[in-house]
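Accompanying notes for the structure given below.
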Amino acid sequence: MPDEQSEDIEEYLDPDLDSDLSSTTSQHDDKPLPGPFSLTQLVGGIHLLTAAAVTPFLWIAYQNGNLPQMASLGGLMILIIIAGAAASRIAARRVD
């Protein structure tokens with residue numbers, strides 16, 4: 001079925017204007033990302049940086065003695081890290 005869809009798309013493309021689109025719809029684009037990092041490393045790193053960005057707010061809550069806010073921010077950090085691990089595994093499967 002995917003072959004039929006790509007053939008249908010190629011019927012409507014103008015070969016002069018849409019040469020890049022016709023080549024990407026007919027086959028997967030497995031080019032690596034530019035730069036020193038892989039997709040898996042970028043996905044995991046962004047999640048870890050986001051969790052680290054919550055740390056100053058957790059420290060402020062600790063200094064103020066606000067235990068409920070500390071618990072919710074700590075839980076948020078843990079959930080971001082868990083989501084990062086899952087997203088990194090999905091990204092690793094997409095690359096392979």
Side-chain angles (χ1 to χ4, degrees):
M1 183 120 174
D3 295 330
E4 294 174 6
Q5 290 176 348
S6 64
E7 290 175 4
D8 292 341
I9 292 171
E10 290 177 3
E11 290 178 10
Y12 294 103
L13 295 176
D14 185 7
D16 296 331
L17 300 175
D18 300 323
S19 61
D20 292 336
L21 292 176
S22 64
S23 65
T24 57
T25 55
S26 62
Q27 59 187 349
H28 289 285
D29 187 18
D30 292 333
K31 296 178 185 175
L33 292 174
F37 300 111
S38 68
L39 178 65
T40 306
Q41 291 171 336
L42 286 175
V43 169
I46 288 172
H47 280 84
L48 287 176
L49 288 175
T50 304
V54 177
T55 305
F57 301 105
L58 183 66
W59 180 250
I60 292 169
Y62 172 74
Q63 287 178 336
N64 292 332
N66 192 346
L67 292 178
Q69 187 176 16
M70 285 176 52
S72 63
L73 289 174
L76 176 65
M77 290 174 67
I78 290 169
L79 289 175
I80 290 172
I81 292 170
I82 290 171
S88 294
R89 292 181 73 191
I90 292 170
R93 276 192 253 150
R94 294 282 294 178
V95 171
D96 294 336

Closest approach of T40 to S88 (non-hydrogen atoms, all atoms of both residues): CG2-O, 3.5 Å

Single-linkage hydrophobic cluster, 4.5 Å side-chain cutoff, I80 and L58 together: yes

Pairwise ring pair (Phe, Tyr, Trp, His ring centres under 6.0 Å) hits with a residue in residues 58-84, at least two apart: W59-Y62

Residues clustered with I82, ILVMFWY side-chain links under 4.5 angstrom: I78

Separation between OG1 of T50 and CG of L76, rounded to the nearest 0.5 Å: 9.5 Å

Straight-line distance of R94 CZ to L39 CG, nearest 0.5 Å: 9.0 Å

Heavy-atom closest contact (P56 atom, A52 atom, distance): CD-O, 3.6 Å

F57: ring-ring contact (aromatic ring centres under 6.0 Å, His included) partners, not counting sequence neighbours: none

Side-chain donor-acceptor distances from residues 63-71 under 3.5 Å, at least two apart:
residue, atom, partner, partner atom, Å
N64, ND2, I60, O, 3.3
N66, OD1, Q69, N, 3.4
N66, ND2, Q69, OE1, 3.1

For I46, the rest of its hydrophobic cluster, which grows through side-chain links under 4.5 angstrom: none

Counterpart residues, side chain to side chain contact (heavy atoms under 4.5 Å, CB included), relative to A83 (two or more places apart): H47

